[in-house]
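In what follows, a structure is listed as structure tokens, so that the remarks can point back to it.
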Amino acid sequence: MKALAIDLGGSHATCALVEDRTILASRTVSTDGTAGLTPVLPLLAESLKALLAGAPGSNAAPAGLAFSFCGLVDCVRHRIAGTNAKYDDGPGLDLVAWCRATLNLPLKMDNDARMALLGEWYAGAARGYDDVIMITLGTGIGGAAMMQGRLLRGKHSQAGCLGGHMPVDFNGRTCTCGAVGCAEAEASTVALPGICRSHPGFASSALAAEASITFEKLFHHAGQGDQVAREICDRSLRVWGTALVALVHAYDPELIVVGGGIMKSADRILPFLQSYVDRHAWTPWGKVKVCNAELGNNAALLGAIPLLEGTADL
Ligand SMILES: [Zn+2]
């Protein structure tokens, strides 16, 4: 089966032509500096048409367009339900009608975390598992859950996808979502510079000399023996571990797939998370496996076929 796919993130969109578990061709559209989604739509249409014109792979016509969006999505009406200071015109747009008028294809959409899980389940690290949580550690923290082969969506399409907003510290930092002490507020790339600067020892730490602070640099300085970096590393690992245990208790998975940019330091993170979940999750049936995502930035695109086929729908 062939399909078109769009993965729309904060700064760019990737458009792709997909056949089963293979991305045949892709093109990237920058969305930096655009006022909303409306001016991006013609660029997306142009990209998708160019992909179709190239048409590598079999002669089959694409079955539809799978749209992965970096915000809350109404998975019944296939509309954007909520945004976070980017593409704020999204909820007012009828993308199903746009796709029909522009490409004469049906459109289905879901949020990016769920699409990434669907891709990893269909073509990556979660193949062969039907009870899976995926968590993406990056700028923010995304999450999605699959139970017994069905993607968890819930009445308002929000179930399972707010894993990064699982509170882990009620004395913690106020999160952009309105809650207190969310994992995303306590250990994500967007929160990290503020967390480091508020550490009482920051001025004497090697981190103070960094123009920008990332987890890669944090793990580097921790490895060099910097005390402040070590403390923040240790705390971040425990934040993620606590969130994973909460997700295990909520969704009863057999596998946790961890992805996202922070996993450049997977060799430091995965063994800790596996050991933390082994020690602290209550799973008398056995151990939950924690593994690295395999598909990187292609995961959401490779969720296109199961999304369009409805393979993991309730
Ligand atoms: Zn939050």
Side-chain angles (χ1 to χ4, degrees), residues 8-11 68-75 80-88 90-91 110-117 132-146 151-199 212-215 218 232-251 253 256-263 269 272-273 276-277 280-281 290 293 299-300:
L8 179 58
S11 61
S68 164
F69 180 71
C70 57
L72 295 176
V73 169
D74 176 339
C75 306
I80 293 169
T83 57
N84 192 1
K86 181 83 182 178
Y87 313 122
D88 286 342
D110 210 326
N111 95 314
D112 50 3
R114 244 185 240 124
M115 287 300 293
L117 190 156
V132 187
I133 289 167
M134 179 155 179
I135 189 150
T136 314
L137 305 176
T139 309
I141 297 181
M146 172 180 275
L151 265 187
L152 196 64
R153 290 191 169 106
K155 180 173 181 181
H156 309 103
S157 306
Q158 286 190 220
C161 73
L162 294 179
H165 298 280
M166 190 68 78
V168 294
D169 180 0
F170 63 76
N171 289 316
R173 310 168 84 85
T174 302
C175 184
T176 53
C177 76
V180 173
C182 294
E184 179 169 305
E186 299 296 330
S188 65
T189 301
V190 71
L192 184 62
I195 290 167
C196 291
R197 283 191 198 97
S198 65
H199 190 289
S212 65
I213 302 174
T214 62
F215 275 97
L218 185 77
I232 297 170
C233 264
D234 290 348
R235 186 169 189 281
S236 300
L237 290 167
R238 282 185 287 123
V239 163
W240 299 324
T242 304
L244 288 198
V245 169
L247 293 168
V248 168
H249 291 174
Y251 301 124
I256 302 172
V257 180
V258 190
I262 295 175
M263 290 305 280
I269 298 171
F272 177 90
L273 291 181
Y276 194 92
V277 168
H280 298 295
V290 183

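Start at 1 with the first residue, then count along the sequence. Just so you know, ligand 1 is whichever comes first in the structure, and atom 1 is the first atom listed for that ligand.
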Under 2.8 Å from the Zn ion (ligand 1), the protein N, O or S atoms found are His165 ND1, Cys175 SG, Cys177 SG, Cys182 SG
Are the side chains of Leu247 and Ile135 in contact, using a 4.5 Å heavy-atom criterion? yes
Nearest heavy-atom contact between Ser188 and Ile141 is CB-CG1, 4.1 Å
*Is any side-chain heavy atom of Cys233 closer than 4.5 Å to a side-chain heavy atom of Leu218?*
yes
Tightest non-hydrogen contact, residues Phe170 and Val180, listed as O-CG1, 3.6 Å
Sequence neighbours excluded, the answer for salt bridge (Lys or Arg N to Asp or Glu O under 4.0 Å) partners of Arg235 is Asp169, Glu186
- Query: Do Val248 and His280 have side chains that get closer than 4.5 Å, going by heavy atoms?
  - Reply: no
